[in-house]
*Asks:* 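Pasting a structure below so you can have a look.
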Amino acid sequence: EPEVTQTPSHQVTQMGQEVILRCVPISNHLYFYWYRQILGQKVEFLVSFYNNEISEKSEIFDDQFSVERPDGSNFTLKIRSTKLEDSAMYFCAVGDRDTEAFFGQGTRLTVV
Amino acid sequence: EDKVVQSPLSLVVHEGDTVTLNCSYEVTNFRSLLWYKQEKKAPTFLFMLTSSGIEKKSGRLSSILDKKELSSILNITATQTGDSAIYLCAVETQGGSEKLVFGKGTKLTVNP
């Protein structure tokens, strides 16, 4: 059973629309992450979330992005006013100190 | 800026061959180095290396870290077509968020 479940698996949205990507960790972990992978490029760190707040974010993670863990289980990434260049695979990952990070199956976001 | 470089970027071999994949890194505050296998979507964990010179082994796969040379290798012996995938090297940095910095990956194709 995977450590992390992501929904939806594929999302198509029009430029300028808002999208919410969801992640549900199966078991308890301390750290939550979002990474993205533009087609053909490397996996890039977006943001880490610990103790119900952002612990680190990359330069990519600007005001267009936000994260939430509203009910203690779901972990969401909201992208406002999507742009064509936001098209990518978005991975949620979970982990703990000194252990490996487990990745979800990803959400493929296509902005048209 | 933290950097992880993998080589080669792609490799085509025949079943039964042995392959060595390379990863070098330049990061501040190194904590650990991880190898992942990415077949279709999610990276799946292979190894986590924290100590120099200690080989980790799982079946036909093995990996070792050289902190002096700031590098790691991943060996796969007696390759099978099921080993075809992108192999990702990532470095975990200290500093609170346990985030991963990824290389571009090595695309391995094993032909029958």
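Quick note on labels: first sequence line is chain A, next is B, and so on, each numbered from 1.
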*Asks:* B:Tyr25 versus B:Leu65: any side-chain heavy-atom pair under 4.5 Å?
*Replies:*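 Contact flag for B:Tyr25/B:Leu65 side chains = yes.
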*Asks:* Does any heavy atom of chain A fall under 4.5 Å from the side chain of B:Leu100, the backbone, both, or neither of them?
*Replies:*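 Contact with chain A is through both the backbone and side chain of B:Leu100.
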*Asks:* Is B:Ile86 in contact with chain A via its backbone, its side chain, both, or neither, using a 4.5 Å heavy-atom distance?
*Replies:*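 Neither part.
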*Asks:* So do A:Tyr35 and A:Val47 actually touch side chain to side chain, heavy atoms under 4.5 Å?
*Replies:*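 Of all side-chain heavy-atom pairs linking A:Tyr35 with A:Val47, none is under 4.5 Å.
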*Asks:* Between A:Ser58 and chain B, with a heavy-atom cut-off of 4.5 Å, which part of the residue counts as in contact: side chain, backbone, both or neither?
*Replies:*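 Neither part.
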*Asks:* Non-hydrogen atoms of chain A under 4.5 Å away: do they reach the side chain of B:Tyr36, the backbone, both or neither?
*Replies:*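 For B:Tyr36, side-chain heavy atoms alone lie under 4.5 Å from chain A.
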*Asks:* Among A:Gln37, A:Arg108, A:Gln41, A:Glu44, who wins on heavy-atom pairs under 4.5 Å with chain B?
*Replies:*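 Result: the option with the highest number of such pairs is A:Gln37.
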*Asks:* Between A:Lys57 and A:Asp62, is the closest basic N to carboxylate O distance under 4.0 Å?
*Replies:*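 A salt bridge is absent here (no side-chain N lies under 4.0 Å from a carboxylate O).
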*Asks:* May I ask you to test the B:Thr109-B:Leu11 pair for a side-chain heavy-atom distance under 4.5 Å?
*Replies:*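 B:Thr109 does not reach B:Leu11 side chain to side chain.
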*Asks:* Does any part of the side chain of B:Cys89, heavy atoms only, come nearer than 4.5 Å to the side chain of B:Leu33, both counted from C-beta?
*Replies:*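 Yes. Closest side-chain heavy atoms under 4.5 Å.
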*Asks:* Under a 4.5 Å heavy-atom cut-off, does chain A meet the side chain of B:Gln6, its backbone, both or neither?
*Replies:*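 Contact with chain A involves no heavy atom of B:Gln6 at all.
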